[in-house]
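We count residues from 1, following the sequence as given. Please read all numbers here as calculations on a predicted model, not as lab measurements.
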Amino acid sequence: MKEGIHPDYPAARVTCACGNTFVTRSTRGDIQVDVCGACHPFYTGTQKLIDTAGRVDRFRKRYEKAAKLAAPKAEAAPKAEAAPAASKAESK
């Protein structure tokens, strides 16, 4: 590495709002954070999925409707393709 071009990189104490502290290195000095790995719901396993106003149910109903409408069209399409091919072969 070249001398004199890199910033000073001292130890820095990170303090969370929950009271957890740990030491890392930073060019900015001490850091205060709102959420850390010790208190964040994703990392602690206390995360709760909230269905706001039934949005998941509404999505599932729309998806089921779309799947039902697409299913008859998908079944009819191969039959429709097979019929013209057969009629073309018979006309020769």
(request) Evaluate whether atom CZ of Arg28 has more than 12 neighbouring non-hydrogen atoms of other residues, nucleotides or ligands under 6.0 angstrom away. (result)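 Result for CZ/Arg28: open.
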
Where [X] and [Y] come nearest, the two heavy atoms and their spacing:
X     : Y     : answer
Ala38 : Thr44 : O-CG2, 3.3 Å
Val14 : Thr24 : CG2-CG2, 3.6 Å
Asp34 : Ala17 : O-CB, 3.6 Å

(message) For the NE2 atom of His40 and the SG atom of Cys18, what is their distance to the nearest 0.5 Å?
(response)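 Answer rounded to 0.5 Å: 12.0 Å.
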
With side chains defined as the heavy atoms from C-beta onward, is the minimum distance between [X] and [Y] less than 4.5 Å?
X     : Y     : result
Arg62 : Phe59 : yes
Ile31 : Ser26 : yes
Thr15 : Val33 : no

(message) Check whether Asp30 reaches the backbone of Ala12 with its side chain - one donor and one acceptor, N or O, closer than 3.5 Å.
(response)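 The answer is no, because no donor-acceptor pair under 3.5 Å joins these two groups.
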
(message) Looking at Arg25 and Tyr9, would you say the former's side chain and the latter's main chain have a donor-acceptor pair under 3.5 Å?
(response)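 Confirmed, Arg25 side chain pairs with Tyr9 backbone.
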
